[in-house]
Amino acid sequence: MQVQRVVLNSRPGNNGEPSPENFRLEQIHLTSDLEDGQVLVRTLYLSVDPYMRCRMNEDTGAGYLASWKLSECVDGGGVGVVESSRCSALTEGDVVTSFNWPWQTHAVMMGGGLQMVDPQMVDGHLSYFLGAVGMTGLTALLGVREKGRVTKGANQTMVVSGAAGACGSLAGQIGRLDGCAKVVGICGSDEKCKALVEDLGFSAAINYRSGDVSARLKETCPAGIDVYFDNVGGATSDAVIEQMNKGGHVILCGQISQYNKDVPYPPPLSDKTQEILQSRNITRERFMVLSYMSKAEAALFELSQLVKSAQIKVLETVVNGIENMGVAFCSMMKGGNVGKQIVKISE
């Protein structure tokens with residue numbers, strides 16, 4: 001069988017910005033002769049995510065993340081359907097997902113490394129297994145619950161940076177459902193601001209590319225900020241932390257503004273920001289969803305119910321074709337997506 005796959009062609013240059021040319025499309029021959037325990041899968045959807053930028057480096061800077069190797073197939077979150085099986089737990093037609101899915105149109109994988117999923121959990125929107133009812137949704141839900149200390153009736157204000165992205169768009173909605181009196185999103189365009197307020201129920205949204213973020217935060221959060229879901233880091237986060245209340249909580253989820261720079265993760269804070277955190281007793285602990293996988297099954301069921309009942313709305317940007325993986329990834333890194341960036345590989 002002839003299949004297409006995407007390999008890492010080169011690592012980003014000195015400026016650190018990835019380009020579609022860092023990826024290369026190849027044709028390979030895939031044997032359909034399976035060994036015991038293996039399955040042949042057809043890829044339906046692939047995910048591109050900010051953390052993948054770290055995997056493009058020779059050293060990811062994170063012990064739990066392996067670097068992608070030059071001229072080898074790239075991998076990440078994927079969902080597909082079993083076409084043939086020599087694994088007792090999986091049969092033809094089963095829908096399966098994995099965090100280490102190769103960027104290929106078809107693949108031979110070990111059945112034991114795949115998780116079977118029920119399409120009814122997402123009302124047939126199988127791409128949601130890579131977003132709202134997958135690792136992204138878990139990150140948003142468990143991040144808010146484990147690190148945000150949201151309390152119903154406490155009149156808390158939450159700010160979310162990267163608010164129109166895959167994780168931020170969910171985190172803000174979860175904060176609102178869990179009892180925040182006000183949820184304010186920070187994002188990079190007026191179109192995104194409109195989607196946050198009109199479609200997702202955010203109280204207000206700030207376009208960091210136009211106007212003074214600090215001034216807009218003062219307008220939209222007159223009582224200060226109690227919970228900050230941080231996806232971006234850098235100057236935006238400094239501006240938010242400056243207006244946080246005593247005893248507040250920073251959910252340190254991502255630092256996308258820093259991923260193209262040669263700095264450790266999490267990147268160091270300025271002395272001023274560090275002093276604010278200490279003097280106001282604000283917690284800022286790195287959140288890693290992999291540390292909470294014992295809670296994943298119950299959380300995914302809850303996310304499924306919230307999505308199916310439309311209490312959480314899902315935003316997606318879908319690009320077609322495996323040949324566009326590199327383009328989709330680079331667009332997402334520059335904020336070209338609204339909600340989860342997905343690449344559709346086959347029907």
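As a basis for the values below, the full set of heavy atoms in this structure was taken, side chains included, without hydrogen atoms, waters or symmetry mates.
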*What residues, two or more places apart in sequence or in another chain, satisfy salt bridge (Lys or Arg N to Asp or Glu O under 4.0 Å) together with K295?*
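For K295 the salt bridge (Lys or Arg N to Asp or Glu O under 4.0 Å) partners, ignoring immediate neighbours, are E146.
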*Charged N-O contact under 4.0 Å between E191 and K194*: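 No salt bridge links E191 with K194.
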*Does a salt bridge link D75 with R55, judged by any charged N lying under 4.0 Å from a carboxylate O?*
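Answer for the salt bridge query: yes.
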_Set out, in order, the CA-CA distance, both residues' side-chain angles and the distance that settles side-chain hydrogen bond (donor to acceptor under 3.5 Å, both in side chains) for S309 and Q311, then state yes or no._
CA-CA 5 Å; S309 63; Q311 291 179 78; 2.9 Å; yes
*Any chance the rings of Y45 and F129 have centres within less than 6.0 Å?*
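No.
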pair [X]-[Y]: side-chain heavy atoms closer than 4.5 Å:
X    : Y    : result
C180 : V183 : yes
C87  : V82  : no
I174 : I312 : yes
S67  : M56  : no

*Counting heavy atoms not belonging to M110, are there more than 12 under 6.0 Å from its CE?*
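Atom CE in M110 is packed in, count exceeds 12.
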_More than 12 heavy atoms of other residues, nucleotides or ligands under 6.0 Å from CD of Q27: yes or no?_
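More than 12 within 6.0 Å, yes.
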Does a donor on one side chain and an acceptor on the other come within less than 3.5 Å for [X] and [Y]?
X    : Y    : value
E285 : T283 : no
S47  : K340 : yes
N9   : N22  : no
S98  : Q115 : no
S237 : Y228 : yes

_Sole residue of Q4, R5, Q104 in side-chain hydrogen bond (donor to acceptor under 3.5 Å, both in side chains) with E26_ =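 Checked Q4, R5, Q104 against E26; only one passes side-chain hydrogen bond (donor to acceptor under 3.5 Å, both in side chains): R5.
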*asked:* Working note: Y51 + T60, criterion side-chain contact (heavy atoms from CB on, under 4.5 Å); need CA distance, chi angles, decisive distance, verdict.
replied: CA-CA 9 Å; Y51 80 88; T60 64; over 6 Å; no
_Show, in sequence, the C-alpha distance, side-chain angles and deciding distance for E316 and S127, and conclude whether the side-chain hydrogen bond (donor to acceptor under 3.5 Å, both in side chains) test is met._
CA-CA 9 Å; E316 280 187 325; S127 58; 2.6 Å; yes
*Just one of V319, I345, L25, V74 clears the side-chain contact (heavy atoms from CB on, under 4.5 Å) bar with M325, so which one?*
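Testing each of V319, I345, L25, V74 against M325, the sole residue satisfying side-chain contact (heavy atoms from CB on, under 4.5 Å) is I345.
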_Non-hydrogen atoms of L170 and G137 that approach each other most closely_ =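 Of all heavy-atom pairs spanning L170 and G137, the closest is CD1-CA, 3.8 Å.
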